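Residue numbers start from 1 in every chain, and the chains themselves are labelled A, B, ... in the order their sequence lines are given, proteins ahead of strands. Just so it is clear, the model here is predicted, and its values are computed rather than measured.
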Protein chains: 2
Amino acid sequence: MTVTIYDVAREAGVSMATVSRVVNNNPNVKPQTRKKVFEAIERLGYRPNAVARGLASKKTTTVGVVIPDISNSIFAEVARGIEDIANMYHYNIILCNADKKKEKEIRVINTLLEKQVDGLLFMGGVVTADHIQAFRTSSVPVVLCGTKDEEQTMPSVDIDHEKAAFDAVNVLIAAGHRDIAMISGTLQDPANGFARYQGYKKALDAAGIELRDEYVRIGNYRYESSVDAVKYFLELSPRPTAIFSATDEMAIGAIHTIQDSGLKVPQDIAVISVDNIRMASMVRPTLTTVAQPMYDIGAVSMRLLTKLMNKESTDNMQVILPHEVIYRNSVTQA
Amino acid sequence: MTVTIYDVAREAGVSMATVSRVVNNNPNVKPQTRKKVFEAIERLGYRPNAVARGLASKKTTTVGVVIPDISNSIFAEVARGIEDIANMYHYNIILCNADKKKEKEIRVINTLLEKQVDGLLFMGGVVTADHIQAFRTSSVPVVLCGTKDEEQTMPSVDIDHEKAAFDAVNVLIAAGHRDIAMISGTLQDPANGFARYQGYKKALDAAGIELRDEYVRIGNYRYESSVDAVKYFLELSPRPTAIFSATDEMAIGAIHTIQDSGLKVPQDIAVISVDNIRMASMVRPTLTTVAQPMYDIGAVSMRLLTKLMNKESTDNMQVILPHEVIYRNSVTQA
DNA sequence: CTGTTAGCGCTTTCAC
DNA sequence: GTGAAAGCGCTAACAG
């Protein structure tokens with residue numbers, strides 16, 4: 001039924017070992033023999049069985065990628081970076097969505113490990129002790145991308161979220177704003193949540209602006225969640241003249257809510273955030289934001305993982321990539 | 001080093017077969033024995049090797065999903081539907097991005113087949129003879145989702161794109177429009193391209209409106225591509241009073257281009273499209289569009305695939321799911 | 001209810 | 001350059 005390496009060997013009049021060598025590009029095969037084998041493969045329509053190969057060689061040339069939320073375009077962009085480098089090094093990637101659920105993340109990590117992936121990339125989200133525990137039960141290398149663990153003991157690739165937020169708020173301050181509200185993510189989230197909030201606080205602090213509790217609302221990163229936050233801000237007095245959103249998606253929700261209330265962005269209220277998703281240049285006004293290099297985060301973390309899988313020495317296990325303010329039209333420049 | 005089923009057997013004082021039964025939830029094990037085995041597993045930290053299991057059982061409980069473009073939110077939503085049903089039937093899914101490149105699609109299909117997936121889901125895009133050929137070289141079932149092949153010989157789940165487009169254009173006609181332009185996808189694409197164009201043509205025809213060549217521009221489904229199309233339309237005389245876009249993303253580009261030119265949507269030019277991506281309710285004005293049930297397309301195709309993998313009989317191999325007009329604010333209702 | 005025994009399809013020494 | 005043979009870790013008859 002299915003044609004195996006043995007069938008090919010017989011058809012070509014050689015041993016399985018030789019066929020294996022040909023398939024794996026081992027140079028120790030006479031060109032003529034190689035040709036015979038290729039012909040037999042062609043004739044029989046042989047397709048190597050990666051499962052059998054994986055069992056025999058104890059390598060699958062596959063890396064597992066756990067993605068917290070497949071419908072989030074940020075992760076999609078990171079995934080592209082991962083893919084490109086993976087292809088370059090001849091690894092296949094298997095992407096597993098975890099729905100932003102911790103329990104599912106752990107389950108997915110275990111599934112991937114059972115499938116004997118050669119390495120693991122864990123994207124975004126919170127990295128708990130349970131995650132670390134799951135990683136430890138395996139012997140394959142793991143790289144965190146777009147996040148890091150509390151103790152910073154694991155290899156990771158990320159931006160400096162606090163500094164990014166700091167820079168964003170400073171754009172607002174430089175434009176003359178003093179009444180600056182923030183739509184934050186949950187403070188439980190060390191990267192997109194807590195760190196960005198810290199950056200906001202420090203920027204205000206550095207400018208001698210007092211932090212006002214009612215100027216901070218917690219959202220869930222979704223468009224809808226910023227609608228409520230902004231409605232709340234709109235009732236305040238003094239009403240904020242600028243809003244710093246932890247993410248672009250919430251910023252876009254903010255812009256629309258402001259506009260729906262009859263106010264103008266940036267004239268009445270300026271808006272800035274961090275991420276630079278594709279949509280940021282698709283709204284009106286276009287969104288001023290701090291870009292994180294999503295593709296590079298993916299690419300660099302995959303590259304780091306290849307080194308780890310090859311047991312190459314690596315100097316820097318905790319990579320921080322640079323970010324950059326993208327000036328568009330949701331903040332009036334000074 | 002790695003602990004195997006054999007180690008567990010020894011530790012628990014039973015045979016490998018018994019351990020295998022316990023791990024696979026085979027009822028033919030005395031509760032007490034089962035307990036002993038579980039304890040041994042726990043003590044040793046045993047994790048079953050899915051690769052070995054796959055080789056021995058010739059089943060991987062894994063289905064491969066090829067996704068044309070991971071950064072396209074439509075596919076992401078379809079993927080959610082696939083995932084949910086896959087989990088329900090205890091299949092893992094491995095997602096492979098193909099960058100909308102035919103060559104890469106074929107390569108990915110072959111990789112997946114080498115990995116011995118139990119079934120294949122092929123999402124969106126054009127299905128050529130080469131694709132069919134690749135599918136045929138394998139013995140596992142394949143379901144197309146969100147697309148279909150020319151000859152409709154393969155199992156598939158999709159909407160009636162032509163009818164969806166027809167309905168969209170009719171909304172415009174019902175609102176009194178006669179000068180209706182279209183931003184189409186490539187006519188090579190049977191689903192999102194050709195079929196939607198056909199629907200446009202037929203709707204005009206049914207209303208006795210003559211088709212004008214200059215009222216049709218071809219885009220590439222991206223936001224940017226509709227900018228040029230709309231600029232072209234704006235110069236025309238008579239200027240169209242409504243635009244039908246083959247996809248939401250291009251429709252959003254259209255709306256912004258119209259607004260940037262100083263005109264208003266829907267007062268000066270109405271816009272409608274097909275898809276209903278999340279962003280459709282996030283733009284201003286919110287986008288009137290024909291919704292395709294993305295989650296369901298994924299869910300139904302995965303369900304169909306499970307039936308095929310179990311060799312259950314299935315009456316309907318070419319499923320067409322219903323679509324629905326979502327009235328929002330980019331078309332003034334009559 | 002449990003153990004024995006063949007493989008699954010391939011890689012990988014080790015000889016020749 | 002090539003072949004023989006021993007597994008990789010597990011499942012699946014088949015016995016008992």
Side-chain angles (χ1 to χ4, degrees), chain A residues 1-38 40-41 44-62 90 111 113-118 138-140, chain B residues 1-38 40-41 44-62 90 111 113-118 138-140:
Chain A
M1 174 83 217
T2 63
V3 5
T4 76
I5 200 172
Y6 182 73
D7 300 320
V8 177
R10 213 179 5 163
E11 174 82 9
V14 299
S15 74
M16 308 173 31
T18 300
V19 178
S20 174
R21 289 191 186 97
V22 171
V23 171
N24 292 295
N25 259 310
N26 183 317
N28 289 351
V29 181
K30 215 191 325 181
Q32 211 200 89
T33 315
R34 182 180 302 276
K35 182 151 170 292
K36 267 197 318 195
V37 172
F38 272 132
I41 287 177
L44 265 36
Y46 169 69
R47 188 201 310 275
N49 180 327
V51 171
R53 181 190 304 211
L55 182 58
S57 69
K58 296 170 150 282
K59 267 179 284 162
T60 53
T61 58
T62 300
H90 301 292
T111 309
L113 259 18
E114 286 183 7
K115 287 201 192 301
Q116 312 298 120
V117 293
D118 295 338
S138 103
S139 49
V140 304
Chain B
M1 175 83 218
T2 64
V3 5
T4 76
I5 201 171
Y6 183 73
D7 300 319
V8 176
R10 212 175 9 158
E11 174 82 9
V14 298
S15 73
M16 311 171 31
T18 301
V19 178
S20 174
R21 287 190 187 98
V22 171
V23 171
N24 293 294
N25 261 309
N26 183 318
N28 291 350
V29 181
K30 215 190 329 180
Q32 214 201 84
T33 315
R34 182 182 301 275
K35 183 152 168 290
K36 269 197 315 197
V37 172
F38 272 131
I41 287 177
L44 266 36
Y46 168 68
R47 187 201 309 275
N49 180 327
V51 171
R53 183 191 302 212
L55 182 57
S57 69
K58 298 172 149 277
K59 267 180 282 163
T60 54
T61 59
T62 300
H90 302 290
T111 308
L113 259 17
E114 285 183 8
K115 286 201 190 303
Q116 312 298 120
V117 294
D118 295 339
S138 106
S139 49
V140 304

B/S/- contact track for nucleotides 9-16 of chain D, protein heavy atom under 4.0 Å:
BBBBB---
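When every heavy atom of B:R21 is checked against every heavy atom of B:N28, the shortest pair comes out as CD-O, 4.1 Å. Across every non-hydrogen atom of A:D7 and A:T2, the tightest pair is OD2-O, 3.8 Å. Residues B:V23 and B:Y46 approach most closely at CG2-CE2, 4.1 Å, considering heavy atoms. Shown here for B:A9 and B:S15, the closest heavy-atom pair between the two residues is CB-C, 3.7 Å. Here the closest non-hydrogen pair linking B:L55 and A:V51 is N-CG1, 3.5 Å.
Mapping heavy-atom proximity under 4.0 Å, the span of DNA chain C touched by chain B runs 5' to 3' from C:dC1 to C:dG9.
With hydrogens and angles left out, the side-chain atoms of B:T62 and A:K115 include a donor and acceptor closer than 3.5 Å.
Judged by distance alone, the side chain of A:D118 and the main-chain N or O of A:T60 form a donor-acceptor pair under 3.5 Å.
Applying the 4.0 Å criterion to OP1 and OP2 of D:dG3, one finds that A:T18 has a side-chain N or O inside that range.
A:R47 places a side-chain heavy atom less than 4.5 Å from the side chain of B:L113.
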